K.L.:
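What follows is a single structure, and I will ask about it in a moment.
Everything quoted here is computed from the prediction, not taken from an experiment. All values below were derived from every heavy atom in this structure, side-chain atoms included, with hydrogens, water molecules and symmetry-related copies excluded.
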Amino acid sequence: MKNNKTHAAALTAAAVAFSSPAWSLSGELLGVDYSLSGLLRVEVAAKTTDDENPWNQRGNLFNGKTVDRDGGLNVGTLLGLNLPLPISVPITDSATRSVEPASNDFNHTQARLESTLQLRFSDNWAATVKVRGIFDATEYDEFDPNQVGSRADGYLYGEPNYFEYDDFYTGGEQNRLEVAGDNYMVDFPSLYVDYQNGPLLVRAGNQQIAWGQALFFRVFDVANGLDLRRHSILDFASEEYADERISSPAVRVSYQFGSSWELDMFAQQFQPSIYGNPNTPYNVIPSQFTVHDRFSQYDEKINSGFRLKGFLGDFGLQFMYTNRYNPDGALRWTASGVNRDVPLLPGSGAILAQTPLEIDPTGVWSAEEWFTYSGMARLDGVEGLNKLITDFPASQLLLARPVPNIDAAKEELDLFFILTGGVGSVLTGNGQGGLRGHIERTYHREDVFGTGFSYVFSGEPGSWTDQLILNFEVSYTPDKTFTPIDLGQEYIVEDEYVTALILEKNQRFSRDFPAAYLVFQWMYRSESDLFGRHLSGMGATVNNTPKGVDGWNGIALAVQQPFPGLVWRADLAVLYDTRGGVFVQPALKWKPSGNWNIEMFYNYMEGDLYGNENENIIQTVDWADEFGLRIAYQF
């Protein structure tokens, strides 16, 4: 019988040599053994292209671009008549979005201090405390709402705030063991007590729960959401979400049955994923939206689950079940609550507050911008407009009506945008305007069932099949809730299957070099892409609504090659979306001394290799080509 866990530890020995502290302060005090280690690291990512984050105000694709707005007022609608033929009075102008484009040199400028204290009270009792502090130097072209006269409602919709949580009006922290300000955060990724008695291990406190074998992909790794406020998912791929996976208070119990089987169970306080705040370097929700996060309604909810893992002969088997609130949440239109009049319609603010719209120059300015961004966000621009009207009847008091097609939608949208610009837009054709959309983020309980198997091949020593590990994982989530592509009040609810095939091995190419660690992975998702967006929203353009696609397929490759002496290590990670996108990350690690660790990498992304770029996931982040550098002192 082959022990897969032991083999995996051997495969990553080189990685551990690069990441372990050079030394630690340890000893005994009052009968308690202790060990203290830490890390001080500076992290930067320098831009290598002129592209800016299009989801931000200063990276908006329409900044400084003059767009013709071709609105029309339907006579029947105006007179309250249902005419057999539509008669439209054209109202047109031209508008140039007034936000100044950014020209950043850096995407990421942060420093961190981490310290880990490990205590052992007896053979049975131990504790771990890890504190992490992050400071962002904010060396970016930041958005200034005063320059465009923005009065956007909500705590995070003024000047950029890099770490605080959006409780809409108050800010603060979403993570329970965290203190945050606009450019710093301090938290406890680990704060737990262990009790071990033979085969029984009980861990209680703030902790991560990491299951599964995949590198980029998460099949079994469903216990924790992700914190994307730092370097999003664009730091070292080989770290497997170690810095992104968000901790939460939990009780975890593991029991070892003999030498072959282990049962792992947990009960954990629900903690949603945290996305980058609006107008910060890596935010991905379009900044023309205002998000009302409803997390406070779920604060006391509990997730739970178990995994049974073991061996039958040469085969490793595992079974998983998790009952959880999906940490990604789902989005839909919600009433803005903002009482601000349309300039040409005095008293309209009270009506507008009952719709998902807010008049502000940081919103959408034209139908062209509306359909460009709805396609990029994998939404249906026509039905999104219709749901804004039919789900919120107050919209119809402002003469909004459902539309049958994209041409009618463009005409109605441009009319709205012209009217928000005031008299100048209507009479002079020199357009202003802007309408923000308000959406709410809600969370939904789901059951996730999973199973998997592994096998370690035995071949000729040194051959490609010798000690090759195969892992296969599959999960099934019945009645999973997704964001509706029209942002309507009815969510998309469908069963989803996710599978991953992983091949990994240690292969020596030269007697002079240590063995290289090689990984190949393939993932299939039946209903959503890697970012959780429903596949029915794929494929839209500025002139066409989404056609949707069947299934998402991704391929990942990774190589780690240590050099003699383990002073240098070369890495390569590749993520390929089979519908035309690729992310390539070559990296080099240098450990010149026991205390210093220098890591260099390049993130190359191309979301338009072929096909419709709105059908692959890389298009969402393909603006972020960058050179990264991390310099760490370990103690």
K.L.:
With a sphere of 6.0 Å drawn around CG of Asn197, does it hold more than 12 non-hydrogen atoms of other residues, nucleotides or ligands?
P.N.:
yes

K.L.:
Could you pull out the closest heavy-atom pair between Asp625 and Met605, with the gap in Å?
P.N.:
OD1-N, 2.8 Å

K.L.:
Do Tyr140 and Thr109 have side-chain N/O donor and acceptor atoms under 3.5 Å apart?
P.N.:
yes

K.L.:
Can a side-chain donor-acceptor contact be found between Asn53 and Tyr282 if the only test is distance below 3.5 angstrom?
P.N.:
no

K.L.:
Would you find a donor on one side and an acceptor on the other, under 3.5 Å apart, between the side chain of Gln585 and the backbone of Ala237?
P.N.:
yes

K.L.:
Regarding Tyr602 and Thr48, do their side chains bring together a donor and an acceptor under 3.5 Å, going by distance alone?
P.N.:
yes

K.L.:
For the residue pair Asn161 and Tyr155, what are the closest heavy atoms and their distance?
P.N.:
ND2-CE2, 3.9 Å

K.L.:
Looking just at side-chain N and O atoms, do Tyr517 and Asp571 make a donor-acceptor pair shorter than 3.5 Å?
P.N.:
no

K.L.:
Is it true that Lys591 and Gln634 share a donor-acceptor pair across their side chains at a distance under 3.5 Å?
P.N.:
yes

K.L.:
When you measure from the side chain of Asn224 to the backbone N and O of Ile246, does any donor-acceptor pair fall under 3.5 Å?
P.N.:
yes

K.L.:
With no hydrogens and no angle check, just 3.5 Å: does a side-chain donor-acceptor pair link Arg445 and Asn323?
P.N.:
yes

K.L.:
Salt bridge (charged side-chain N to carboxylate O under 4.0 Å, His left out) with Arg508: which residues, sequence neighbours excluded?
P.N.:
none

K.L.:
With sequence neighbours left out, write down each residue that passes side chain to side chain donor-acceptor pair (under 3.5 Å) with Tyr34, or none if nothing qualifies.
P.N.:
none

K.L.:
Please check if the distance between the ring centroids of Phe513 and Phe563 is under 6.0 Å.
P.N.:
yes

K.L.:
Quick one: does Trp55's side chain have a donor or acceptor within less than 3.5 Å of a partner on Thr620's backbone?
P.N.:
yes

K.L.:
Taking only distance into account, with no hydrogens and no angle test, what donor-acceptor pairs under 3.5 Å do side-chain atoms of residues 181-191 form with protein atoms, sequence neighbours excluded?
P.N.:
from	atom 1	to	atom 2	distance (Å)
Asp187	OD1	Arg132	NE	3.0
Asp187	OD2	Arg132	NH2	2.7

K.L.:
Strictly below 4.0 Å, N to O, side chains only: are Arg307 and Glu473 in salt-bridge contact?
P.N.:
no

K.L.:
Taking the six-membered ring of Phe220 (Phe, Tyr or Trp), confirm whether the NZ or CZ of Lys309 is under 6.0 Å from its centre and within 45° of its axis.
P.N.:
no

K.L.:
In chain order, what residues pass the side chain to side chain donor-acceptor pair (under 3.5 Å) check against Tyr275, with sequence neighbours excluded?
P.N.:
none

K.L.:
Please walk me through it: do Phe319 and Tyr321 pass ring-ring contact (aromatic ring centres under 6.0 Å, His included)?
P.N.:
CA-CA 7 Å; Phe319 306 92; Tyr321 167 71; over 10 Å; no

K.L.:
For Tyr455 and Phe457, I'd like to know if the aromatic rings sit close, meaning centre-to-centre distance below 6.0 Å.
P.N.:
yes

K.L.:
Ile631: which residues meet the side chain to side chain contact (heavy atoms under 4.5 Å, CB included) condition with it, sequence neighbours left out?
P.N.:
Trp596, Ile598, Leu629

K.L.:
Can you see which heavy atom on Gln271 is nearest to which on Ser248, and at what distance?
P.N.:
CB-OG, 3.8 Å

K.L.:
Strictly below 4.0 Å, N to O, side chains only: are Asp221 and Arg245 in salt-bridge contact?
P.N.:
yes

K.L.:
Does the Arg229 side chain pair with the main chain of Phe163, one donor and one acceptor, at a distance under 3.5 Å?
P.N.:
yes

K.L.:
Judged by modelled atom types alone, do Asn603 and Glu626 share a side-chain donor-acceptor pair under 3.5 Å?
P.N.:
yes

K.L.:
Just to verify, what does Phe306 make a ring pair (Phe, Tyr, Trp, His ring centres under 6.0 Å) with, not counting sequence neighbours?
P.N.:
none

